[in-house]
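Input: a single structure, listed below in structure tokens.
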There are 2 protein chains.
Amino acid sequence: MTRQALTAETVLDAALTRFAARGYHGTALSEIAAALDVRTPSLYNHMRSKHDLLLTIVERTVHGVLDDFHAAVDGRTDPLERLHHAVLVYAHRHATHRREALVVNRDTSSLEEPHRTTMQDLRREHEHALRAIITDGVRQGRFDVGSPALASFAIREMCVSTARWFSDDGPLTAEQVAREYTEFALTIVGVGRYASS
Amino acid sequence: MTRQALTAETVLDAALTRFAARGYHGTALSEIAAALDVRTPSLYNHMRSKHDLLLTIVERTVHGVLDDFHAAVDGRTDPLERLHHAVLVYAHRHATHRREALVVNRDTSSLEEPHRTTMQDLRREHEHALRAIITDGVRQGRFDVGSPALASFAIREMCVSTARWFSDDGPLTAEQVAREYTEFALTIVGVGRYASS
DNA sequence: CCTACCGATCGGTAGG
DNA sequence: CCTACCGATCGGTAGG
């Protein structure tokens, strides 16, 4: 069994695994090095600092979420269709990118300024965009829910938490979970079963 | 402004605040001491170790959740009523005990064995008890949901995440949020609006 | 990629 | 409740 080449990407991947399992502050660089079968100083040929590893992980993930969201929603005008696809893609991402989701949720607050604020603003952007879909749907009389903000939080966090329990070895695929969660989301905003294209 | 007396409870409360804000591994005992305006060694008159602070916080919180659950559910037989009250009390607790919820969710995994396993088993006990209510409801034909496990996860995590965004200064009280979330939960299991006693 | 090493900080103890 | 201090470990650098 030959050892894999040490690159910026393999270091990031090992960091991602360890940060997800133990948290940023709970992970020592020596553990990441050990996982790659090298000594700690060797990591510095492929990264700038421990903080930079976290920053790269959070940046990629947050931008990935926003890209997914726009790919799912842009070009659609029907609030029901927009919500459907936004939730489908968001839930799916959290089942298929569990480590990234866990790290972003747990450790974005550990970023140094100004990165912390920048990343939190980007996350809020997605949050507001999802809420706007619900608000639109209510205004157009397509959705029925008392508090769009509350419904938005519930739907978001329901999807996010998929990262905490989903397993590739479980009875359901990521696609199946995403579809079921999309139905949950639609019932929360007061829409019954919905067969989409 | 006279400084409050240093006791086991004031130390625990300061630890709770800091752990919730920065995480267990991200918090130094010196920060807890500074918040109480004493030096680090003084803390040891009121605690055994940093780990013991975390253990006490997690133990109390997890047992509190289970106590709440049994007080809400025991003696009721109707699945719809049982789910209604279980969710109401669970959501309410996460809005009113935000720090505790954040620490348990983030840092239970940082407990040393055997405590880590013990606490995770207790959390699982609550998870399974909630799921059993849904399974019962489905079996009795009162609920309509494809996967009771999935519905249970969605409802649980929706409630848990309240701790991440709820604010006492917001437009909704903890009671209002809990009631709305209970409605969300009931729609997820396929029950319409439900006026309970 | 390594060995050798740095200053800083950590949780915790001694002793009063 | 404090000062003084401990060994261990941390992220990171020098230099090859």
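Chain A is the first sequence line, chain B the second, and so forth, proteins listed ahead of strands; every chain is numbered from 1.
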query: Considering every strand shown, what is the Watson-Crick or G-U wobble mate of dG16(D) when both distances are under 3.5 Å?
result: dC1(C)
message: Looking at Glu113(A) and Arg116(A), is any side-chain nitrogen of the basic one under 4.0 Å from a carboxylate oxygen of the acidic one?
response: yes
- prompt: Could you state the OH-C1' distance from Tyr44(A) to dG15(D), rounded to the nearest angstrom?
  reply: 17 Å
Closest to the Ala28(B) side chain, choosing from dC10(C), dC2(C), dG12(C): dC10(C)
task: For Met47(A) and dC1(C), give me the distance from atom CE to atom P, rounded to whole Å.
output: 13 Å
query: Within this structure, what is the CG-to-P distance between Leu29(B) and dT13(C), rounded to whole angstrom?
result: 11 Å
- line: Between CG of Leu43(B) and P of dT3(D) the distance, given in whole Å, is 13 Å
Touch class at under 4.0 angstrom, heavy-atom based, for His25(A) against every strand present: nothing
task: Say whether Arg99(B) and Thr17(B), considering side chains only, have a donor N or O and an acceptor N or O under 3.5 Å apart.
output: yes
query: Where the side chain of Ser49(A) is defined as all heavy atoms beyond and including C-beta, which of dC2(C), dC10(D), dG12(D) is the nearest nucleotide?
result: dG12(D)
field: Heavy-atom neighbours of Arg22(A) CZ exceed 12 at 6.0 Å
entry: no
task: Inspect the contact between Glu127(B) and Arg131(B) and indicate whether a charged nitrogen and a carboxylate oxygen are less than 4.0 angstrom apart.
output: yes
query: The side chain of Pro41(B) lies closest to which of these nucleotides: dA14(C), dT3(C), dC10(D)?
result: dA14(C)
message: Would you say His46(A) places a side-chain N or O within less than 4.0 Å of OP1 or OP2 belonging to dC1(C)?
response: yes
message: Closer than 4.0 angstrom, basic N to acidic O: yes or no for Arg60(A) and Glu9(A)?
response: yes
- request: Can you tell me the distance, in whole Å, between the CG atom of Leu6(A) and the P atom of dC1(C)?
  value: 4 Å
task: May I ask you to decide whether Arg82(B) forms a salt bridge with Asp136(B), counting only side-chain N to carboxylate O separations under 4.0 Å?
output: no
message: Tell me the interatomic distance from Ile32(A), atom CD1, to dT9(D), atom P, rounded to whole angstroms.
response: 18 Å
- request: Report yes or no: do Asn105(B) and Arg123(B) form a side-chain donor-acceptor pair below 3.5 Å?
  value: yes
query: Hey, does the side chain of Arg39(A) come within less than 4.0 Å of dT3(C)'s phosphate (OP1/OP2), counting only N and O?
result: yes
- prompt: Expressed in angstrom and rounded to an integer, what is the separation of Asn45(B) atom CG from dA14(C) atom P?
  reply: 14 Å
- request: Give me the residues of residues 7-24 of chain A where at least one heavy atom lies under 4.0 Å from an atom of DNA chain C, by number, or none.
  value: none
- prompt: Taking NE2 from His51(B) and P from dG12(C), how many angstroms apart are they, rounded to a whole number?
  reply: 10 Å
